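Heads up: the structure comes next, in structure tokens.
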Amino acid sequence: MLRSLSIKNFALIEELHVVFDAGLLTITGETGAGKSLLLGALGLLLGKRADLSSVKNNLEKCVVEGVFDIHKYELNSFFESEELDYDGETIIRREILPSGKSRAFVNDTPVTLQILNKLGIRLIDIHSQHQTIEITTNDFQFDALDALSETHRELGSYRKGLLVLKNKQVELQTLIDNQALYTKEYDYNSFLLKELEEAKLKPKELPELEVQHKTLANIEEIQERLSTSISLSITEEVGVLHILNTIKSNMDKVGPYSDVLAELSERLQSVSIELDDITESIQSELERIEADPQELEKISQRLQMIHNLQIKHAVNTTEELIHIKEELHQKVSKTASLTDNIAQLNEEILVIRQQLDGLAAKIHQKRKKALPILVSELEMILHSLGMPNATFKTALTLQENYYSNGKNVVEFLFSANKGSTYGSLKKVASGGELSRIMLGIKMILSRYKQLPTLIFDEIDTGVSGEIAHKMADVMKQMSKNLQVFSITHLPQIAANGNTQYKVFKQDINNHTITQLKQLTTEERIQEIAEMIGGKNISDAARTHAKSLLKLS
């Protein structure tokens, strides 16, 4: 419920702070006094777009703040999902800066207008006569029907299942689209994959093959030069090893004469050993290698094959070819498995549909049982509101289609008078009749679910006499379960409020401002008497006002 409302620098409101209680709260005032400004300010708290033109002084910011008691609304999960701090006494603030920029806060946490709107509709429900068209919509009618039929649990499961179904259907369509696409490429991809698989490529294979090819292609030159090198190294008297050993022998003889000569002798020893080792290695290599024309041809062909594959796939390494092979394998495998995947997904969708059908059937049965109760209660309320011949014809059918709230289609046909043709509410009900139907449905809903604060904005227009008393009684009854505001011109409704507020204009320092005040008992007598008889209040009007207020 709305605990308090503070408004600063909004339209004709300079600064206003008012506290509200539970029950039925009535707001009265002359036409043009500014009652619509209160709804405009509340609209900002509900997430409506801000308009700089509604700021009274555009050099200062406009602030609207509402304090709400939300203990009964079970909004913990909403606050958690939106990452907001939950507090049983929640403060919503909206600011319009001189620059025109708008800001919104929930418990001092900045929020978007989308979040504010999602929260606002859970806290305040505003109805004016021109907004009663809402009751002609299927969503509203199902909301009323589901409150009576207690389908909350089944609807929750149904909506979760419907979301899963839609996701599965999207997934299925994607698979079907992919299947059509991949099937066109399947033969070509299979050919490319087979070609790469038959190549049996290995990582880093190409550099090794190139070295082997270079060796075998030049085997005669290699053998010749290795033989020459060995000959130059070991030939007696003129070979490098023989000459080196002669030098070493000379140095060994003079080595003892100085450290330098000794060091040179040692170095010659190292060179001799190294050269001897190199010669042995050359000999081993010469013995190992031999001409192999067949192997050379084999390597040449494999190099050519790899190079051809590289050109075809526009890559430079065998590693890249291997990667392409893996990608092709996935595509081909995926294409081959798509049929199985589609079949499996169709089976899953069938199971989900069966579950949804079961839930929809339960929802249908509960609704079917509750529908005559809803119609009976609504007709009874309308009869008391001056529509003695108001009747409904309803039909609830179970469809094949999956809707957001089940598989039902509901039809409410209405007749206000005996002998009149039944028709849809939108076509046959007048504005005043729709207002009373809306009031009746809200009255019924208040018995079955916790509603947000209700604000009726002059939905009693065109009503008078005994019907006004009946409307007041309905609002009073509703206010036992929720906070109800009624902006009214009817003294019968104004007097029935637990608390009454008056909106009025006041001229201060050549400026007109709008004020809102809670009326005392004497002020209520004065206000209601004026609503009955005009500015010139008679004793009869005061007596009537006291009677309406149930004062002696």
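Note that the structure is predicted; figures quoted are calculated from it, not measured.
At distances below 3.5 Å, at least one donor-acceptor pair connects side-chain atoms of N9 with backbone N or O atoms of N57. A donor-acceptor contact shorter than 3.5 Å links the side chain of N408 to the backbone of T397. S81 places a side-chain N or O within donor-acceptor distance of the main-chain N or O of S77, the cut-off being under 3.5 Å. Looking only at distances, a side-chain donor or acceptor of N117 sits under 3.5 Å from a matching main-chain atom of L46. For R122 (side chain) and L75 (main-chain N/O), no donor-acceptor pair under 3.5 Å exists by modelled atom type. Using modelled atom types, one side-chain atom of K35 and one backbone atom of G29 make a donor-acceptor pair closer than 3.5 Å. Using modelled atom types, one side-chain atom of S538 and one backbone atom of A541 make a donor-acceptor pair closer than 3.5 Å. Between the N401 side chain and the Y403 main chain, no donor and acceptor come within less than 3.5 Å of each other. With hydrogens and angles disregarded, no donor-acceptor distance shorter than 3.5 Å links the side chain of R367 to the backbone of F142. For the pair Y158 (side chain) and G406 (backbone), a donor-acceptor distance under 3.5 Å is present.
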Output side-chain donor-acceptor pairs under 3.5 Å for residues 420-428, partner residues at least two apart or in another chain, one line each.
unit_1, atom_1, unit_2, atom_2, d
S420, OG, N417, O, 3.3
Y422, OH, T391, OG1, 2.6

Which donor-acceptor pairs under 3.5 Å do side chains of residues 345-360 form with protein atoms, sequence neighbours excluded?
unit_1, atom_1, unit_2, atom_2, d
N346, ND2, I342, O, 3.2
E348, OE1, K168, NZ, 2.8
E348, OE2, Q344, NE2, 3.4
D357, OD1, Y402, OH, 2.8
D357, OD1, K407, NZ, 2.8

Report, one line per pair, each donor and acceptor closer than 3.5 Å where one atom sits in a side chain of residues 486-495; sequence neighbours left out.
unit_1, atom_1, unit_2, atom_2, d
T488, OG1, D460, OD2, 2.6
T488, OG1, L490, N, 2.9
H489, NE2, E458, OE2, 3.0

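Residues satisfying the side-chain contact (heavy atoms from CB on, under 4.5 Å) test with S479, not counting sequence neighbours, are L24, K476, V484, N498. Residues meeting the ring-ring contact (aromatic ring centres under 6.0 Å, His included) test with F485, sequence neighbours left out: F20. Under the salt bridge (charged side-chain N to carboxylate O under 4.0 Å, His left out) criterion, D108 pairs with R93, sequence neighbours left out. Partners of F414 according to the ring-ring contact (aromatic ring centres under 6.0 Å, His included) rule, which considers only residues two or more places apart in sequence or in another chain, are F392. Looking at residues two or more places apart in sequence or on another chain, you find a salt bridge (charged side-chain N to carboxylate O under 4.0 Å, His left out) between D143 and K449. Under the ring-ring contact (aromatic ring centres under 6.0 Å, His included) criterion, Y86 pairs with F79, not counting sequence neighbours. Legend: residues meeting side-chain contact (heavy atoms from CB on, under 4.5 Å) with N481, ordered by chain and number and at least two apart, are S446. Applying the salt bridge (charged side-chain N to carboxylate O under 4.0 Å, His left out) rule to E82 yields the partners K118; only residues at least two apart in sequence or on another chain are considered. Residues satisfying the side-chain contact (heavy atoms from CB on, under 4.5 Å) criterion with I508, sequence neighbours excluded, are Q506, I513.
Annotation for D125 and P452: closest pair CB-CG, 3.9 Å, computed over non-hydrogen atoms. A pairwise comparison of heavy atoms in D69 and Y73 identifies O-CE1, 4.1 Å as the closest pair. Contact record, T28 with E527: OG1-OE2, 3.1 Å, taken as the closest heavy-atom pair. Of all heavy-atom pairs between S4 and L2, the closest is O-CD1, 3.4 Å. The two residues E30 and E530 have their closest heavy-atom pair at OE2-OE2, 3.9 Å.
Atom CG of residue L145 and atom CZ of residue F140 lie 12.0 Å apart, to the nearest 0.5 angstrom.
Residues F78 and I70 fail the side-chain proximity criterion, which asks for heavy atoms closer than 4.5 Å. The shortest side-chain heavy-atom distance between L16 and L38 falls under the 4.5 Å cut-off. Counting heavy atoms from C-beta outward, N138 and Q141 have side chains that approach closer than 4.5 Å. I92 is listed as a side-chain neighbour of L123, based on a closest heavy-atom distance under 4.5 Å. In this structure the side chain of I96 reaches within 4.5 angstrom of the side chain of L44, judged on heavy atoms. In this structure the side chain of L482 reaches within 4.5 angstrom of the side chain of Q450, judged on heavy atoms. At least one side-chain heavy atom of I455 sits under 4.5 Å from a side-chain heavy atom of L39.
Salt-bridge annotation for E89 and R3: absent, with no side-chain N of the basic residue lying under 4.0 Å from a carboxylate O of the acidic one.
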Between S149 and K369, does a side-chain contact (heavy atoms from CB on, under 4.5 Å) hold up when you go through it step by step?
CA-CA 7 Å; S149 57; K369 184 177 179 181; over 6 Å; no
Evaluate the criterion side chain to side chain donor-acceptor pair (under 3.5 Å) for residue pair E171 and N167; output intermediate values, then yes/no.
CA-CA 6 Å; E171 186 180 347; N167 290 337; over 6 Å; no
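Exactly one residue among Q518, K517, Q500 makes a side chain to side chain donor-acceptor pair (under 3.5 Å) with E523. That residue is K517.
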